[in-house]
Amino acid sequence: MRQLSARETVREILAKVVGELAAEGLVGVVPIDSIAVERAKRPEHGDFASNVALVLAKPAGKPPRTVAEAIVARLPRGGSSPIAEASVAGPGFINVRLHPTFWQGMLSAILAAGDDWGRSPARNAPKILLEYVSVNPTGPMHFAHGRHAAVGDALARLLRFAGYPVTCEFYVNDAGNQVQMLAQSVWTRYMDAARAADPAVPAADFPENGYKGEYVRDFGRALFARDGARWVGVAPPADIEPVRSFAIAQALGMIRATLERFDVTFDLWQSERALHEAGDVAETLAALEAKGYIDRHDDAVWLRTTALWGDDKDRVVVKSDGLPTYLLADIAYHRKKLARGFDELCDIWGSDHHGHIARMQAALKAFGEDPARLRVILIQIVSLLRDGKPVAMGKREGEFVTLDDVVAEVGRDATRYFYLMRRHDTPLEFDLEVAKRQSLDNPVYYVQYGHARCAALVRRAAELEAPRPPMSTELAAELVLPEELAILRRLADFPDYVADAAAAREPQRLTTYVSELAGEFQSYYTRLQKVHDDTILPQERHRTGDWRAGWNWHKTAARLCWVEAIAQVMRNALGLLGVSAPESMPRSATITKEDDS
RNA sequence: GCGCCCGUAGCUCAACUGGAUAGAGCAUCGGCCUUCUAAGCCGAGGGUCGCAGGUUCGACUCCUGCCGGGCGCGCCA
């Protein structure tokens, strides 16, 4: 049976009492989900606060404090109840403090759950199709795409952990003008390579707005190396299917390799061309037409998005040249996703695509679906900085900072963590110098250091042959310092954070959580010595005479279990972010102690 | 012009979607090492939550209007 989180435990008790009062007609009936239970912001308010009395007061026609007092009077205390104290405060808040033994008991639950602490069991959650990155297969991934990859992958991990079935897809835009342009660009570079081998080969004009990056030359050379002069002089180049497929395969290969290095994987790479070839696009157009949402004028075919979903103008779905637009293919793709049985289509787009949302939702509405089934997460821009100053780029055309560049410079962990530090709708400042710094003012380093410190304590304990009795109630009762109980509460709250972050589709909340946890632990670590004049393990100065007999190993064992639980929760949180939790931190040679002079 | 997003400490920002005295980090200043990793910690200063109304027991949060910033408004994707 699943261990309820502390918050859910309180919520259930409150719901039971409210139910009793409702049965007696003193208050109205409310669903359990509408009872807000929050962690108290101030320790003197206890552990949790609920506004349930404020919510119930108005319909009941009673003063909030009266309702609150009625509830508090019935809250069970003592015996097996986890509630130690309950009181009414302010306008009618109910403050609840749980008994220390309840929190101490959570330690066993955390250690027993291990990697699964925070996981929600499989349940009747909506099936989600998460589509993200979906960058055009025309070149390497730009550093800003890294934010999409990091957010999407962390969201997928988070949702799965929280019990949602998730499928991740990358939509390959291999059917439009962009890949046509890439094919043309690659072909001219191929001609250059052919001419280098045989001066008789004519020069080919590089297309206006072609892709100018160095990688296009690589592709051209690679094509010549594979096929020789086979495509020389064949015109028009973009219609040579083997050239186009080669160019796309090369570009997609680069993207896949980058994502693999970034530890991001997809369940399916959906080709746009395949949708056309399978007839899904044509079928979608026919379906829209059958529903009466299609107009034909000015030689083009239009979708009546204004009538469907308040768009400001109707949109073209088939151009006057007879080719379908990107919009139509995307509608076909989303229609297919729904047909495959997904409840929610979650797309991650750049915020510059927000205008597209209304059109896609209009399309969903055309098929009689609730437009809310499409949930779009808009990612704001990333500014790359170095020591606080913008990184210069675009000096030469076709040159830009790639995701690979960033990962190569600052590492995968720092890259992912930095991309996940801000809400997705906030622009992100990514300072390369801060990210790669091996010091504690680098947030990711600070957090990883916290985990390494926990691991070091456990290692050191083994070296000292500290006895490690199994976790028990008596052992947990040794954890009595306010700092220890506060951290225990935070560990116990982890499942609630996970559930809330998943419900909000906001993986970055876990970076906040884990950095606060690390800070609280570091603070404790120093305070234990400075304020409490104590250490977890015996120190050199303790080890004199018959020190083994005199040391309180019971307390040490309890604290070691607690430290292991902290490390465990850090690992779980970092794992959801796709960031590693090192056992030790490399000692940096560049950090030296200042002298006194 | 219309639409979407955003205005919170010097800077960068922040879970509990309307709750109690608005919190961090960085930066600044002042403390703490014969060290379980000082690779750390503690403390101080710093705010009319863009402005003005409204909704209500209660608003940084919701509504309206303004001001400022970003993005979008293709038969591109």
Side-chain angles (χ1 to χ4, degrees), chain A residues 7 36-42 45 49 51 54 57-58 63-64 89-93 95 134 136 138 173 175-179 181 272 298-302 310-313 315-321 323 325-327 329-330 350-358 378 380-381 385 388 421-423 425-429 431 434 438-443 445-446 449 452-453 456-457 460-461 464 493 496-497 499-501 503-504 506 508-513 515-516 519 522-531 534-542 556 584-588 591 593:
Chain A
R7 186 178 68 180
V37 177
E38 311 181 321
R39 280 169 283 275
K41 285 176 186 156
R42 295 175 180 280
H45 293 153
N51 67 351
L54 294 163
K58 196 158 198 176
F93 291 104
N95 290 335
S134 299
N136 285 335
T138 53
N173 301 126
N177 292 336
Q178 307 301 320
V179 288
M181 184 58 78
E272 181 187 351
D298 299 326
D299 296 327
V301 181
W302 303 72
D311 201 353
D312 51 357
K313 59 181 79 165
R315 304 291 161 174
V316 171
V317 288
V318 181
K319 297 180 280 182
S320 52
D321 63 6
L323 294 174
T325 60
Y326 167 86
L327 174 64
D330 215 10
S351 57
D352 55 340
H353 285 61
H354 65 76
H356 199 60
I357 298 174
L378 295 175
Q380 270 289 354
I381 56 165
L385 307 178
M421 281 198 305
R422 305 288 177 236
R423 285 174 55 95
D425 57 1
T426 303
L428 174 70
E429 296 204 334
D431 195 314
V434 175
Q438 306 249 311
S439 65
L440 282 303
D441 52 356
N442 176 355
Y445 196 88
Y446 183 84
Y449 175 65
R453 205 167 217 184
L457 279 165
R460 184 88 187 106
L464 290 170
D493 283 342
D496 296 330
Y497 273 80
D500 290 349
E506 289 187 7
Q508 87 288 346
R509 291 187 191 188
L510 295 172
T511 60
T512 308
Y513 174 86
S515 97
E516 285 176 355
Q522 308 276 40
S523 173
Y524 164 84
Y525 188 86
T526 302
R527 283 175 60 84
L528 188 62
Q529 297 173 71
K530 299 293 171 192
V531 178
D534 194 2
T535 55
I536 293 173
L537 295 171
Q539 302 302 291
E540 195 70 45
R541 64 179 188 277
H542 299 122
T556 290
S584 66
M585 301 302 277
R587 204 174 259 278
S588 169
I591 296 170
K593 204 169 170 179

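Lettering of chains follows the sequences in order, A, B, ..., and the numbering in each one begins at 1. What you see is a predicted model; the values in this text were computed from it and never measured.
When all heavy atoms of Leu54(A) and Pro64(A) are compared, the closest pair comes out as CD2-CB, 3.6 Å. The two atoms that bring Arg39(A) and Asp500(A) nearest to each other are NH2-OD2, 4.3 Å, heavy atoms only. Across all non-hydrogen atoms, the minimal contact from Leu327(A) to Val317(A) is CD2-CG1, 4.3 Å. Closest approach of Val316(A) and Ala300(A) over heavy atoms only: CG1-CB, 4.2 Å.
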Would you list the protein and nucleotides 9-13 of chain B atom pairs, both N or O, that sit under 3.5 Å from each other?
{"residue": "U12(B)", "atom": "O2'", "partner": "Arg422(A)", "partner atom": "NH2", "Å": "3.0"}
{"residue": "C13(B)", "atom": "OP1", "partner": "Pro427(A)", "partner atom": "O", "Å": "2.8"}
{"residue": "C13(B)", "atom": "O2'", "partner": "Arg422(A)", "partner atom": "NH1", "Å": "2.8"}

Output one line per pair: protein atom, nucleotide atom from nucleotides 23-30 of chain B, and distance, for all N/O pairs under 3.5 Å.
{"residue": "G23(B)", "atom": "OP1", "partner": "Arg42(A)", "partner atom": "NH2", "Å": "3.0"}

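The shortest distance between the side-chain N/O atoms of Lys41(A) and the OP1/OP2 oxygens of A20(B) is below 4.0 Å. For Tyr445(A), no side-chain nitrogen or oxygen approaches OP1 or OP2 of U37(B) to under 4.0 Å. Taking 4.0 angstrom as the limit, Tyr525(A) places a side-chain polar atom (N or O) nearer than this to OP1 or OP2 of U37(B). Distances shorter than 4.0 Å separate some side-chain N or O of Arg453(A) from OP1 or OP2 on A38(B). When the side-chain nitrogen and oxygen atoms of Lys319(A) are compared with OP1 and OP2 of A77(B), one or more of them lie within a distance under 4.0 Å.
At a cut-off of 3.5 angstrom, the base of G72(B) holds no donor-acceptor pair with the side chain of His353(A). Below the 3.5 angstrom threshold, one finds a donor paired with an acceptor across the side chain of Ser320(A) and the base of C75(B).
Between Leu457(A) and Leu537(A) the shortest side-chain heavy-atom distance falls below 4.5 Å. At least one side-chain heavy atom of Ile536(A) sits under 4.5 Å from a side-chain heavy atom of Tyr524(A). Contact check for Gln522(A) versus Arg453(A): side-chain heavy atoms found under the 4.5 Å cut-off.
Taking the side chain of Arg460(A) as heavy atoms from C-beta on, and the options C75(B), C36(B), G19(B), the nearest nucleotide is C36(B). In the set C75(B), C36(B), A38(B), C36(B) carries the atom at the smallest distance from any side-chain atom of Gln529(A). Side-chain proximity of Ile536(A) to A14(B), U17(B), C36(B): nearest is C36(B). Which of G19(B), C76(B), G72(B) sits closest to the side chain of Leu54(A) comes down to G19(B). Across C76(B), U37(B), C16(B), the shortest atom-to-atom separation from the side chain of Ser584(A) is found for U37(B).
Judged by centroid separation below 5.5 Å and plane tilt below 30°, His45(A) stacks onto the base of A20(B). Ring-base stacking between Phe93(A) and A20(B) is satisfied, the centre separation being under 5.5 Å and the plane angle under 30°.
Classification of C33(B) as syn follows from a glycosidic angle within 90° of 0.
At the heavy-atom level, Leu528(A) lies under 4.0 Å from base atoms of the strands shown. At a threshold of 4.0 angstrom between heavy atoms, the contacts of Arg39(A) include nucleobase atoms, whether or not backbone atoms are also involved. Within the 4.0 angstrom heavy-atom criterion, base atoms lie near Asn95(A). Looking at heavy-atom distances under 4.0 Å, Ser523(A) makes contact with sugar-phosphate atoms alone, never a base. Nucleic acid contact for Asn51(A): base, since at least one base atom lies under 4.0 Å from a heavy atom of the residue. Using a 4.0 Å heavy-atom cutoff across all strands shown, Asp298(A) reaches at least one base atom of the nucleic acid. Within the nucleic acid shown, Gln539(A) comes within 4.0 Å of at least one base atom, counting heavy atoms only. The residue Ala501(A) sits apart from the nucleic acid: no heavy atom pair falls under 4.0 Å. Counting any heavy atom pair closer than 4.0 Å across all strands shown, Tyr513(A) reaches no nucleic acid atom. Using a 4.0 Å heavy-atom distance criterion, Ala358(A) is classed as making no nucleic acid contact.
Rounded to an integer number of Å, the gap from CD of Glu272(A) to P of C76(B) is 14 Å. We find that OH of Tyr449(A) is positioned 11 Å from C1' of C36(B), with the value rounded to whole Å. Rounded to whole Å, atom P of U37(B) lies 7 Å from atom CG of Leu457(A). What separates NE2 of His542(A) from P of C36(B) is a distance of 9 Å, to the nearest Å.
Here the separation of U56(B) from G18(B), taken at their C1' atoms, is 10 Å to the nearest Å. For the P atom pair drawn from C49(B) and A59(B), the interatomic distance equals 13 Å after rounding to whole Å.
Comparing Thr526(A) and Ala504(A) along RNA chain B, the residue whose closest nucleotide (by nearest heavy atom) sits nearer the 5' end is Ala504(A).
With both pairing distances under 3.5 Å, C11(B) is matched to G25(B) as a Watson-Crick or G-U wobble pair.
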